[in-house]
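As the structure lists them, so they are numbered: ligands from 1, and atoms in each ligand from 1. Count residues from 1 along the sequence.
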Amino acid sequence: MKILALETSCDDTAVAIVEDGRRVLSSVICSQIDLHMPTGGVVPEAAARDHLLRVNQTLQDALKEAGLDLDDIDAFAATLGPGLVGSLLVGANTAKTLSFMTQKPFLGVNHLHAHVASNYLDSDLEPPFLCLLVSGGHTQLIAVESYEKMRLLGETLDDAVGEAYDKVARLMGLPYPGGPHLDKLAQSGKSEGIVLPKARTEGAYDFSFSGLKTAMLRLLESEARKAEASLATVSPADLAAGFQKTVVETLADKTLRCLKETFPDTGIFAGGKRTLAIAGGVSANSGLRGYFLDYEKNHPDFKLYIPKMRFCTDNAAMVASAAYFNPLTTDLSMEVFSRCVSFS
Ligand code: KG4
Ligand code: ZN
């Protein structure tokens with residue numbers, strides 16, 4: 001089954017065609033980074049208008065890349081939420097119109113389910129597994145018990161990891177979008193001697209990153225004062241490395257504990273290995289990837305899945321995969337939504 005999917009929940013206009021939820025036939029992403037660079041963040045109205053401008057061309061590019069035309073497509077999918085409503089409407093209404101015109105099914109998708117499904121693309125991953133979803137808007141630990149049944153085990157009580165990265169990057173004067181720039185800077189720094197707080201939360205698997213963000217702000221302010229007084233300062237690269245190490249260790253500690261406690265019986269996993277999948281924009285982070293890849297090397301009972309880099313941040317291939325394995329709706333009248341009421 002070939003599904004053509006659209007993803008326009010935030011600042012990427014993306015169209016992809018995926019066969020049977022796993023085989024990517026094409027994936028085109030048209031980024032709005034240049035548009036939002038001057039404001040240092042996404043302006044919702046500008047984002048929605050830009051999606052409208054680009055969606056038809058992106059659609060044609062995806063069909064061309066796959067060497068297919070509309071007659072070859074079996075169903076049309078789009079992200080219905082969570083996201084920016086004006087932006088979501090562009091992708092959702094394009095998919096609904098195509099479905100109506102061709103009399104083929106419409107499949108509405110939850111953006112968070114799509115991030116989880118990014119790990120099915122070009123891979124053999126099957127539930128059950130634990131998913132650490134780390135994006136610009138969400139930080140969640142999800143028990144994926146089957147393709148359709150998912151349980152939210154923990155989430156951030158304040159900032160999402162990607163949001164913390166973007167805010168700290170902005171404080172450090174790095175360009176938009178901050179996360180990848182801060183990651184790059186961290187790779188050239190040394191974290192030794194930089195002590196930042198790791199938040200405790202009441203919920204065993206919940207996270208909190210606003211305290212860390214404030215601690216970074218204080219540290220940057222004190223470094224600026226030292227520089228003014230011509231005293232020795234810590235380099236921005238070392239500060240970035242300290243921040244990255246703290247984030248990665250916080251995520252890894254809880255995730256690994258959650259994995260063991262949620263799935264005490266390794267017998268239910270393929271090959272008897274506890275399986276972790278990482279998803280969302282921050283799964284592109286070199287520190288996070290490196291940490292879990294090392295852990296996998298040293299723990300024969302642990303198996304790691306991470307999406308290819310181009311499927312970590314927003315893309316439409318993951319939407320097509322979620323539409324195949326776990327669509328929210330086939331109802332053309334279902335509206336887009338800005339927030340999730342429940343996870344499943
Ligand atoms: O999943 P995504 O594309 O969009 C949302 O659904 O939010 O995630 C975007 C987030 C942004 O906050 C971006 O800064 C962050 O992912 N991000 C990164 C990296 N690449 C993207 N954060 C840290 N390191 C990276 N390499
Ligand atoms: Zn996303």
#### Entry: Within-shell test, His138 vs ligand 1, heavy atom, strictly < 4.0 Å
no
### side-chain contact (heavy atoms from CB on, under 4.5 Å) partner of Met37, chosen from Thr39, Ile33, Leu35
Ile33
### Task
Classify the side-chain pair Glu19/Tyr324 by whether it contains a donor and acceptor separated by less than 3.5 Å.
no
### Task
Please report the shortest heavy-atom distance between Phe209 and Ala164, naming the atom on each side.
CB-CB, 4.1 Å
### Query
Going by the order shown, which atoms of ligand 1 are within less than 4.0 Å of some heavy atom of His115?
1 (O), 6 (O)
#### Entry: Polar contact flag, side-chain donor to acceptor under 3.5 angstrom, Gln244-Asp183
yes
### Query
Considering Gly136, Ser9, Gly162, Pro177, which one's heavy-atom position lies nearest to atom 7 (O) of ligand 1?
Gly136
### Task
Considering only non-hydrogen protein atoms, determine which one is nearest to atom 15 (C) of ligand 1 and report residue, atom name and distance to 0.1 Å.
Val282 CG2, 4.0 Å
### Query
Just distances here: any N/O of Thr313 and N/O of ligand 1 closer than 3.5 Å?
no
## Note on the structure
the protein heavy atom lying closest to atom 26 (N) of ligand 1 turns out to be Asp183 OD2, 2.9 Å
### Query
Can you find an N/O atom of Gly178 closer than 3.5 Å to an N/O atom of ligand 1?
no
### Task
With heavy atoms of Gly281 as the reference, note each atom of ligand 1 found under 4.0 Å away.
1 (O), 2 (P), 8 (O), 16 (O), 17 (N), 18 (C), 19 (C), 20 (N), 21 (C)
### Distance-only polar pair, side chains of Ser210 and Asp159, donor-acceptor under 3.5 Å
no
#### Entry: Protein contact to atom 23 (C) of ligand 1 [nearest heavy atom, distance to 0.1 Å]
Asn285 ND2, 3.4 Å
### Message
Looking at Lys245, I want to see if its NZ is surrounded by more than 12 non-hydrogen atoms of other residues, nucleotides or ligands under 6.0 Å.
### Response
no
### Summary
The protein heavy atom nearest to atom 12 (O) of ligand 1 is Asp166 OD2, 2.7 Å
### Query
Would you say His111 touches ligand 1, if touching means a heavy atom closer than 4.0 Å?
yes
#### Entry: Side-chain (Asp20) to main-chain (Met1) donor-acceptor, under 3.5 angstrom
yes
### Message
If I compare all heavy atoms of Asn315 with all of Phe311, which pair ends up nearest, and what's the gap?
### Response
ND2-O, 3.2 Å
### Query
Is it true that Arg225 and Glu228 have a side-chain N and a carboxylate O under 4.0 angstrom from each other?
no
### Whether over 12 other heavy atoms sit under 6.0 Å from Arg49 CZ
no
### Query
Heavy-atom contact under 4.0 Å between Gly137 and ligand 1?
yes
### Query
Purely on distance, is any nitrogen or oxygen of Ser286 under 3.5 Å from one on ligand 1?
no
### Task
Using the six-membered ring wherever Trp is involved, compare the ring planes of His115 and His111 and label them parallel, tilted or perpendicular (cut-offs 30° and 60°).
perpendicular
### Task
Mark yes or no: Lys303 above the aromatic ring of Phe269, with NZ or CZ under 6.0 Å from the six-membered ring centre and no more than 45 degrees from the axis.
no
### Task
Using a cut-off of 2.8 Å, count how many protein N, O or S atoms are strictly closer to the Zn ion (ligand 2).
3
### Message
Can you confirm whether more than 12 heavy atoms, excluding those of Lys226, are under 6.0 Å from its NZ atom?
### Response
yes
### Task
Answer yes if the ring centres of Tyr165 and Phe243 are under 6.0 angstrom apart, and no otherwise.
yes
### Tyr165-ligand 1 polar pair, N/O distance under 3.5 Å
no
### Task
Using a 4.0 Å heavy-atom threshold (strictly under), name the region of Asp314 that reaches ligand 1: side chain, backbone, both or neither.
both
### Message
Counting only nitrogen or oxygen atoms and a 3.5 angstrom limit, does Gly179 reach ligand 1?
### Response
yes
